[in-house]
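Numbers restart at 1 for each chain; the letters A, B, ... are given by sequence-line order, proteins then strands.
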2 protein chains.
Amino acid sequence: MRPRAAKQRAVTIRDVAAAAQLSVTAVSRHFNNRIALPVETVARIEAAASALGYRPNVAARRLSLGSSESLGFVLSDIAHPFFSAIASAAEAECARLGYSLLVFSSRNIIENEIAALRRIESAQVDGILFMTNHSNASEIAETINRVRNVVLLDEDAPDAEAPRIYARNREGGRLATEHLLAAGHRRIAFVGGQEGLISSSERMAGYREALETRGIPVDPALMLLAGYNSEDGEAAFAALDLLDEPPTAIFAAADMVALGILRSARGAGLSVPEDLSLVGFDDIPNADVIGPPLTTIRQSAEAFAVRGVQMLVSLLNGELTQDVVEYVDVELVKRSSVTQPRQRRHWRSAPRGASPKPKTAAKANRTQKRGNDNE
Amino acid sequence: MRPRAAKQRAVTIRDVAAAAQLSVTAVSRHFNNRIALPVETVARIEAAASALGYRPNVAARRLSLGSSESLGFVLSDIAHPFFSAIASAAEAECARLGYSLLVFSSRNIIENEIAALRRIESAQVDGILFMTNHSNASEIAETINRVRNVVLLDEDAPDAEAPRIYARNREGGRLATEHLLAAGHRRIAFVGGQEGLISSSERMAGYREALETRGIPVDPALMLLAGYNSEDGEAAFAALDLLDEPPTAIFAAADMVALGILRSARGAGLSVPEDLSLVGFDDIPNADVIGPPLTTIRQSAEAFAVRGVQMLVSLLNGELTQDVVEYVDVELVKRSSVTQPRQRRHWRSAPRGASPKPKTAAKANRTQKRGNDNE
DNA sequence: TTGTAAGCGTTATCAT
DNA sequence: ATGATAACGCTTACAA
């Protein structure tokens, strides 16, 4: 009957009650209810509790209350600078509201995302802040609708009944592209996240919009879908490098992608922005100290985080319906990775590559995942 | 008696048992014990469980088992690139071992660190990976000794009985300084973390050691204690900038500090490494894409993380004693933030500052916390 | 105002 | 092999 004895019996509410010569009810009331106990009673309880070093057992509370007072945060990787900025702010807001935060890295694996979601069913967390990279997976939407108590962050999951927070992605895409246009660029590439992500396709829509407004034809060879990590940027650079007429500027749908492009460009002997202008998206921490300081579209990680947990908590309290959508503003941050295009010159004719074999970019619409093949 | 009804009664082990026409014991056994149930029984249980969508309630398990199967990670801020790299790897290792990870940001507030530690007492987590910035606070050591089941990461807490993992800080400090020395620098500053941190003082010890080996006198005006964030680097730069004879190189005890210094140096019109060589510590992600790519001492975030959780789990299982200490290797990563010293020139005589008032650095051993006063 | 005891969903002991 | 049932520590309806 006694389960494997905990190494050292913790002090329970009953111990406190005994020490204070009161019932457990009184002690429980003191620690939860606002029911005013007589001062003398309170004093006895506090004395006993602190003498014994009493800490309410949260598992027991959860079981009894039916609520865990903790929230989950599902993202692809905590080490991603923008995501970790969100996680940091979310943790702070959780703490402020009396919640704990469980972090689940999905590593972009859909099964992990679903498994994380199911922790609502096992009562491990009351609700989940959910960032996915598989917006098109119907299984995710189904799971969300079953477990309920999910707030979608940054990315959609069509058919899911859940409140959402998006950045103004299209506007951001437009802003970025217009900035490049204003600098004189005409051949501007777009490098987005993996196919199907609405954040990516919205940013691309903004890009097209800006181009079309200026009457500049949209070249499909210049629009790549890769992913949101720096390796994806490297792969994209490699693909773009194969074009007969490479772009003079790139709008990367995420700063990490821009960093990957930058890394590859440097490796290829190109300098940014002289040989290639670059605009990112996110404004990750330290983007200002990159070489060169990265021009980017800022979206507030904090806004995502604090509104996200606030909405989730409201949802849990039944104060919010599933159909709410909020938007996070974006803003162009001009730094030094953009300048006017220099006289057109092929990347491949840069210092090291002597005589490259000209090659048409066949299907530049999908790039391989790892990009160690650049230069 | 019925607690505030959960919005929608979840399916319990009893429901499954009923559906499978078996006892709860059988179902429980199936989900935990390796006791071989007859295939037919197993089939009935699985059918019932999946038909009902059963998920064991973790709170109940915890209460019964006396273990939460989750670990805590206490750090000052998840958004710090090096810490988030550790958190990411720790989460992965936790997941591999069947644990969940709760993240607690202390924001460098000692009360928060202690409150987090006490979550062991409330049975919210089984154990904690602990990174502190208050190694000298005796209250922390006392709490650790009381709650037990803590592994110290990266920083000491004297008198705490807990396994520890340190980087080879002194060696790192030596490596960094020797590298600067080899480049021809003689006036090398050290900018460390807040006073009392052994990681910082060990790195400084390595710095002194390298200097002394070369017979170069250690100038106290060149040794600053600040903190591990980028604002601390900015403050340090400001203090160093006031010296009559500023250093030609700086060894910053953390990459984030180096980034702050870099930011300030740029703001002051200095260029790195031409006017000032810089070496960091940590090798944070994307340090290679900083302007200029940062030369630094690499320590493996992953090593900290995976050994940390492994040690913690061993400790929980009683397979590890509190007196174990492990070390994480360090390594010099040469990039582009170091070059030989140029003809000595005062920072203040750089492009913008025309005629500065010469001033002796009074007590350069403490720098103010926020450094918005530079340039 | 205070206390008793039921019940939250599991696990594990003990008997069958 | 299988099943009743007593814990685990808490909250709270209900009684006093």
Under 4.0 Å, counting only non-hydrogen atoms across every strand here, what does [X] touch: a base, just sugar-phosphate, or nothing?
X      : value
Y54(A) : sugar-phosphate
R29(A) : base
V58(B) : nothing

Under 4.0 Å: is that the gap between some side-chain N or O of S28(B) and OP1 or OP2 of dT11(C)?
->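 Checking S28(B) against dT11(C): at least one side-chain N or O falls below 4.0 Å of OP1 or OP2.
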Over all heavy atoms of both residues, which pair between D15(A) and T12(A) is shortest? Give the atoms and the distance, please.
-> OD2-N, 2.8 Å
Nucleotide nearest T12(A) (side chain, heavy atoms from C-beta), chosen from dT10(C), dG3(D), dC10(D) =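 The answer is dC10(D), which lies nearest to the side chain.
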Side-chain contact check for A60(A): nearest option of dG3(D), dA1(D), dC10(D) is dC10(D)
Ignoring hydrogens and angles, does a donor from either the side chain of [X] or the base of [N] sit under 3.5 Å from an acceptor on the other?
X      : N       : result
T25(A) : dT4(C)  : yes
T41(B) : dA1(D)  : no
S64(B) : dA12(C) : no

Please report, rounded to the nearest Å, how far the [atom2] atom of [N] is from the [atom1] atom of [X].
X      : N       : atom1 : atom2 : answer
R14(A) : dA5(C)  : CZ    : P     : 12 Å
L22(B) : dT10(C) : CG    : C1'   : 17 Å
L65(A) : dG9(D)  : CG    : P     : 17 Å
N57(B) : dC8(C)  : CG    : P     : 12 Å
R55(B) : dC8(C)  : CZ    : P     : 21 Å
R62(A) : dT10(C) : CZ    : C1'   : 15 Å
L37(A) : dT12(D) : CG    : P     : 14 Å
L63(A) : dT11(C) : CG    : P     : 12 Å

CA sep, side-chain torsions, deciding dist, call: Y54(B), F31(B), ring-ring contact (aromatic ring centres under 6.0 Å, His included) = CA-CA 11 Å; Y54(B) 171 66; F31(B) 282 107; 5.4 Å; yes
Which residue, I165(B), L129(B), I144(B), forms the side-chain contact (heavy atoms from CB on, under 4.5 Å) with L152(B)?
-> I144(B)
Is there a donor-acceptor contact under 3.5 Å from the side chain of S88(B) to the main chain of S84(B)?
->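 Such a contact is absent between S88(B) side chain and S84(B) backbone.
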Check: R55(B) side chain, S122(A) main-chain N or O, donor-acceptor pair, under 3.5 Å |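 The answer is no, because no donor-acceptor pair under 3.5 Å joins these two groups.
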